[in-house]
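Please read all numbers here as calculations on a predicted model, not as lab measurements. In this chain, numbering begins with 1 at the start of the sequence shown. Just so you know, ligand 1 is whichever comes first in the structure, and atom 1 is the first atom listed for that ligand.
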Amino acid sequence: MLVLGIESSCDETGVALYHTERGLLAHALHSQVAMHAEYGGVVPELASRDHIRRVLPLTRQVLKEAGCNLPDIEGIAYTEGPGLAGALLVGASIAAALAFALKVPTVGVHHLEGHLLAPLLEDNPPEFPFIALLVSGGHSQLMEVTGIGQYATLGDTLDDAAGEAFDKTAKLLGLGYPGGPALSKLAQHGTPGRFTLPRPMLKSGDLNFSFSGLKTAVLTMVRQQTLDGKLDEQTRADICLAFQDAIVEVLTKKSVAALRQTGLSRLVVAGGVGANKQLREGLSHAAAKKKFEVFYPKLEFCTDNGAMIAFAGAMRLRHEGRRTMNFPIKPRWDLETLAAPS
Ligand code: KG4
Ligand code: ZN
């Protein structure tokens, strides 16, 4: 079955073609980062309008790359939620219109299911069951994954998500948007050990996270280090490193605790923060020491993309494909409420 996947939940338009026997045939992405940068964050209305401009040209592009034509498409998957309502509606309505014209079924995909199944697109995919560390702009969760649609939350964030903490801290340090990549780039020039920040919830005895206090600790540090209204460049880099060290240590230790608690030996890292080099190094180091396996998607499939939606949709389309003109969206949607494909 040839499935077209459309991702439009936030600020990237992703389109991909996945074939259930031949694998991923093509994928294309348009990032709106430059457009939103001057506002310091995503402007929902601009995001929706840009998705409208991009989806069809990207669809033509992947069809051309895969050597396929529109009538070859046998099913369409789109991101149903969670995400920005207007942005989701663009993907959903284009999916419904194409499906109506092509007389094929559609399926709405949970964005986070897309993220956590993305490592299954790799040549050496993890087997079920595994622990997933899902760290994106909107989520920081540890999940026990026993199969497709079988997700139990082991830990969640009590306030800011890991990516959100990166973004807010970067903003506070006067770095660009999105903050995660900018902050981690500057941290490379940081002096190890000059500053130490708290490790929130490390000793909480559960698998939950809390990152908003870390941002406040950075704010206090910035105020203390600002002289004559200026924060020197080396100090800024040193604070970035201290912040990244704290987040990486908490995410790594809680992931190890989740593996220990469940007795599982495979960890899957998904979501935008999974692209962080220091997090990858920390987890790989822990994996070698504690004897577990760690799986990551390719860097380009850590952040939002169409390939993960085409893949997750393909896993569900045979069972759940709709042939109606409805195109529901769910801006808020709990991953645990998903069921396995029947
Ligand atoms: O998964 P994603 O693309 O979108 C959501 O579903 O939220 O994740 C975006 C988040 C942003 O907060 C961004 O700052 C963060 O992932 N991010 C990073 C890195 N690359 C992206 N955070 C830390 N280090 C990175 N290299
Ligand atoms: Zn995402």
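- Heavy-atom proximity to Gly138, at under 4.0 Å, picks out these atoms of ligand 1: 7 (O).
- Shown here is Phe128, whose CZ atom has more than 12 heavy atoms of other residues, nucleotides or ligands within 6.0 Å.
- Remark: ligand 1 and Asn276 share an N or O pair separated by less than 3.5 Å (distance only, no angle test).
- The Zn ion (ligand 2) has no N, O or S atom of Cys10 under 2.8 Å away, backbone or side chain.
- Nearest to the Zn ion (ligand 2), among the N, O or S atoms that Asp304 has, is OD1.
- The distance criterion of under 3.5 Å between nitrogen or oxygen atoms is met by Asp304 with respect to ligand 1.
- A tilted orientation is assigned to the rings of His110 and Trp333, their planes being inclined by 30° to 60°.
- Side-chain polar atoms of Glu144 and Thr146 form no donor-acceptor pair below 3.5 angstrom.
- Checked by distance only, ligand 1 and Gly137 come closer than 3.5 Å through their nitrogen or oxygen atoms.
- Remark: distances from the non-hydrogen atoms of His139 to ligand 1 are all 4.0 Å or more.
- Residue-to-ligand polar distances keep Thr303 apart from ligand 1: every N/O pair is separated by 3.5 Å or more.
- For the Zn ion (ligand 2), the N/O/S atoms of His111 include one lying under 2.8 Å.
- Counted within 6.0 Å of NE2 on His285, heavy atoms from surrounding residues, nucleotides or ligands total 12 or fewer; the atom is thus considered open.
- Inclusion of Pro178 in the set of residues having an N or O under 3.5 Å from an N or O of ligand 1 is not warranted.
- The protein heavy atom nearest to atom 22 (N) of ligand 1 is Gly180 CA, 3.4 Å.
- The 12-atom threshold is not exceeded at CZ of Arg49, counting heavy atoms of other residues, nucleotides or ligands nearer than 6.0 Å.
- Here the options are Asn276, Val273, Ile247, Thr157, the test is side chain to side chain contact (heavy atoms under 4.5 Å, CB included), and the partner is Val135; only Val273 passes.
- Looking at atom 6 (O) of ligand 1, its nearest protein heavy atom turns out to be His111 NE2, 3.1 Å.
- Checked against a 3.5 angstrom limit, the closest N/O atoms of Gly163 and ligand 1 fall inside it.
- Not a single heavy atom of Cys10 sits closer than 4.0 Å to an atom of ligand 1.
- Of the N or O atoms in Gly272, one or more lie within a sub-3.5 Å distance of an N or O in ligand 1.
- Of all the atoms in ligand 1, the ones that sit under 4.0 Å from a non-hydrogen atom of Asp167 are 11 (C), 12 (O), 13 (C), 14 (O).
- Interface of His115 with ligand 1, defined as ligand atoms under 4.0 Å from a residue heavy atom, comprises 1 (O), 6 (O).
- Proximity to Ser184 (heavy-atom distance under 4.0 Å) selects the following atoms of ligand 1: 26 (N).
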